[in-house]
Protein chains: 2
Amino acid sequence: MKDKKISLKDIAQQAGVSTALVSYVLNGKEKESRVGKEIAAKIKEIAKELNYQPNHLAKSLRSGKTHTIGLIIADISNPFFANIARIVEDEAKKHNYTVIIGSSDEKAANSWDLINVMINRQVDGFIIVSAENSEEQVQYLKERNLPFVLLDRHFPELHTDYVSINNNKAAYDAGTHLIKNGYKSIGLLAYKSNLFHMQERIRGYQQALKENDIKPQKSWLKEVNFINIEKEVRASIDQMIAGKNPVDAMIFATYSLAVNGLKYLNELNLKVPTDIGIVSFGQGDTFDLYYCPITYLHQPMNDLGRTAVEFLVKKLQNPEEGIKQVLMEAKLMTRESSQVKESS
Amino acid sequence: MKDKKISLKDIAQQAGVSTALVSYVLNGKEKESRVGKEIAAKIKEIAKELNYQPNHLAKSLRSGKTHTIGLIIADISNPFFANIARIVEDEAKKHNYTVIIGSSDEKAANSWDLINVMINRQVDGFIIVSAENSEEQVQYLKERNLPFVLLDRHFPELHTDYVSINNNKAAYDAGTHLIKNGYKSIGLLAYKSNLFHMQERIRGYQQALKENDIKPQKSWLKEVNFINIEKEVRASIDQMIAGKNPVDAMIFATYSLAVNGLKYLNELNLKVPTDIGIVSFGQGDTFDLYYCPITYLHQPMNDLGRTAVEFLVKKLQNPEEGIKQVLMEAKLMTRESSQVKESS
DNA sequence: TTTTGATGTTTAAACGATTAAACTTATGTT
DNA sequence: AACATAAGTTTAATCGTTTAAACATCAAAA
């Protein structure tokens, strides 16, 4: 059983025919190529017997198609993206595509590298959760005519395929919900980023305040850097709860901000929701297991991932396919962390 | 800027030489192959100018090496494995390898599929977190002489490379720790599995009881099926806390068991650690954010992943390399969930 | 009997890179 | 002048597959 690699040639030899016939038969082109019936049967049998596995490299080299999708996500350690990755993988498999995953860790330079690695691994197309300041990369893919779909984040000034969330609406909903439940001083902890989705969250939050005639305070809106998030989250929360206009509720703009924030609130011995109401973007076990279940915005990950793959596969099958853009709605899952505030 | 794919031939044409020279120069073999200095310079310049990216498929087809590692993990939705995957990826990148990841979801059939897919994608070698009953797959790889390293789980009866944890010791430590802290009736919630690592955890737990003259009760040791874990965890816990010998502490044999278990304890309104002490395998944010920080066994993920890659790469570079096996120690991280029991 | 058509099979180029071997000049040695 | 050696470059095979085109064989039609 020390089988060496079996190639078309081996089968051809055993069957006493040329490799062309074997190729035809094994690709189900017996009809079009009028291969003799007995020969065809014989070839199939030998192939099975030798457990022939075609060499993908050779196939791809010939066809120019690798049936591989390059998935670049912003941060693999974030369960939201990890899940998305998994969904994309599963969905791609259904369409007979393999996925190569890479994480840019939110750095544009890294995603450049990944794009190049993937290009010369000959991926057929890309699905990308863009890092900040990576517009030129998207532009580059467009110019080289490489098929891609942006996922979860997009650049409104670029005309590309994308599948994302209506973040403005989501943040607006979060804010409105808290206000309705009696919270009056609502903070937002976001990432410092010029990415559109983050800006939209900020705008949605601001609009919720405005429409309810709440005067926004500078100390309520904090933006922290992705790197050394831990320290900055602490500092930001300190500022939000200090001063003469402390917040009585806060919105976390991402899951990782929430995890860090909740840890710190624990340390400060602030009780949710009595001391401070909470709504967060993202989702994870943590939100269920926190002593007080956290209200969060449920992003339809399955739909996001599935649709992104679908768009890309369609485009791969027919490059003339037009540009497709979707904004999906996040759904507010109301839990105890934002329950109606007892009038104090 | 609508550059089509650039090949060696294109460069050769521009430079007015044969592809051979271009290949030599671009692979740094100018010296051995005595390429003219000016020509070499010219070739390099043209290559840069055209932004030449070698075609990996062609390279691999020729060399028989893809510089790709196939990583098969048991369950990508488990953060422990997701993290391991990430570490393996990073480490592989350092050695200039790309990683293809697949999740078997703990099913042997799936991992067979993955192995086949990866084989005909011509991976150079495998790193595998084995699913139950996949011994024959490991055997198969051995027979076909395909390089691989088992990670986190291994089969003691098979003579293979592996990097795992000393699970016996870890479970023993967990049990002993609880006993020392005054708990008397200690349960273990494990997976129903004949995988060695799980059996070892059970044995370690049992030995801890035995050495402390605690008579093990049948209702204390529960094994649940991976599929519909949620229901079975509930049922198991119900049984553990019922009867005339209810547990006053329990050990979760994996992270996912812990997440499900803790959720249920919440629902039951059982307080940790007063009503029930907890120690768990695995790690994750949840353990920090639970109202009572959870004592857990810290598995050296970085070392595990790094070492697995290292073993594999060594073997790829020198197939004669001998079999390497390592058992690493898990470290008990003591937190409040297992603190000294107040005498009641 | 030649032609036409259908049927079945092989040949050979192509995909892009690597590399041993062959070839061509030029230079130095006797 | 004759030859050996060095320096620089090209040729061609190879990896495993696909596929258009060429080729061969035979039966039926003209």
Side-chain angles (χ1 to χ4, degrees), chain A residues 3-44 46-47 50-68 119-124, chain B residues 3-44 46-47 50-68 96 116 119-124:
Chain A
D3 21 350
K4 203 72 227 109
K5 270 275 120 123
I6 303 296
S7 74
L8 281 192
K9 223 204 249 170
D10 299 316
I11 300 181
Q13 237 144 31
Q14 281 237 4
V17 297
S18 72
T19 61
L21 276 200
V22 181
S23 173
Y24 289 136
V25 171
L26 264 28
N27 286 300
K29 306 209 170 149
E30 328 168 26
K31 289 278 147 55
E32 301 98 297
S33 321
R34 307 163 294 181
V35 179
K37 276 198 170 182
E38 317 89 68
I39 291 281
K42 191 173 177 188
I43 288 174
K44 280 181 190 163
I46 295 178
L50 297 183
N51 184 30
Y52 168 71
Q53 304 277 139
N55 183 323
H56 251 266
L57 295 173
K59 264 184 137 99
S60 297
L61 180 56
R62 183 83 218 299
S63 67
K65 299 270 153 274
T66 53
H67 259 248
T68 302
I119 284 179
N120 76 345
R121 290 245 163 193
Q122 321 292 130
V123 299
D124 291 344
Chain B
D3 20 348
K4 203 73 227 108
K5 273 270 116 127
I6 302 298
S7 74
L8 280 193
K9 221 204 248 174
D10 299 317
I11 300 180
Q13 237 145 30
Q14 281 238 4
V17 297
S18 72
T19 61
L21 276 200
V22 181
S23 173
Y24 288 137
V25 171
L26 263 28
N27 286 299
K29 307 208 171 149
E30 327 168 28
K31 288 279 149 54
E32 301 98 297
S33 320
R34 306 164 295 180
V35 180
K37 275 198 170 181
E38 316 90 68
I39 290 281
K42 190 173 178 189
I43 288 175
K44 280 182 190 160
I46 295 177
L50 298 183
N51 184 32
Y52 168 71
Q53 304 277 137
N55 183 324
H56 250 266
L57 295 174
K59 265 184 135 99
S60 297
L61 181 58
R62 182 89 216 300
S63 66
K65 299 269 152 271
T66 53
H67 258 247
T68 301
N96 261 312
N116 280 320
I119 284 179
N120 76 344
R121 290 246 163 192
Q122 322 291 129
V123 298
D124 290 345

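Only a predicted model underlies this, so the values are computations on that prediction, with no experimental measurement involved. Within every chain, numbering begins at 1; the chains are lettered A, B, ... in the order of the sequence lines, protein sequences first and strands thereafter.
Residues A:Q53 and B:Q122 have side chains not in contact (no heavy-atom distance under 4.5 Å, counting atoms from C-beta outward). When side chains are defined from C-beta on, A:K44 counts as touching A:E30, because their heavy atoms get closer than 4.5 Å. Between A:L61 and B:N55, some side-chain heavy-atom pair lies under the 4.5 Å cut-off. Counting heavy atoms from C-beta outward, B:T68 and B:R121 have side chains that stay 4.5 Å or more apart.
Taking for each of A:L21 and A:K9 the nucleotide of DNA chain D with the nearest heavy atom, the 5'-most of the two is the partner of A:K9. Taking for each of B:P54 and A:A20 the nucleotide of DNA chain C with the nearest heavy atom, the 5'-most of the two is the partner of A:A20. Projected onto DNA chain D by closest heavy-atom contact, B:G36 and A:Q53 fall at different nucleotides, the more 5' of which corresponds to B:G36.
In this structure, NE2 of B:H56 is placed 11 Å from P of C:dA17, rounded to the nearest angstrom. We find that CG of A:L8 is positioned 19 Å from P of C:dC15, with the value rounded to whole Å. C:dA17 atom C1' lies 11 Å from atom CG of B:L26, rounded to whole Å. Across the protein-nucleic acid pair, B:Y24 atom OH and D:dA12 atom C1' stand 12 Å apart, rounded to whole Å. Atom-to-atom, CG of B:L61 to P of C:dT19 comes out at 13 Å; the value is rounded to the nearest Å. Atom-to-atom, CZ of B:R62 to C1' of C:dC15 comes out at 14 Å; the value is rounded to the nearest Å. Going from atom NE2 of B:H67 over to atom C1' of C:dA17 covers 15 Å, rounded to whole Å. Rounding to whole angstrom units, CD1 of residue A:I43 and P of D:dT18 are separated by 13 Å.
At the heavy-atom level, A:S7 lies under 4.0 Å from the strands shown only through sugar-phosphate atoms. Base contact: B:S33 has a heavy atom under 4.0 Å from a base atom. Counting any heavy atom pair closer than 4.0 Å across all strands shown, B:I39 reaches sugar-phosphate atoms only and no base atom.
To the nearest 0.5 angstrom, A:L8 atom CG is 7.0 Å from A:L26 atom CG.
Proximity note for A:R34 (side chain, C-beta onward) versus C:dG8, C:dG16, D:dT9: the nearest is C:dG8.
Contact between the side-chain N/O atoms of A:S63 and the OP1/OP2 oxygens of D:dT18 is not found at any separation under 4.0 Å. Side-chain nitrogen and oxygen atoms of B:K59 include none within less than 4.0 Å of the OP1 or OP2 phosphate oxygen of C:dG16. Phosphate proximity of D:dT18 to A:N27: present, with a side-chain N or O under 4.0 Å from OP1 or OP2. The phosphate of D:dT9 has neither OP1 nor OP2 within less than 4.0 Å of any side-chain N or O from B:S18.
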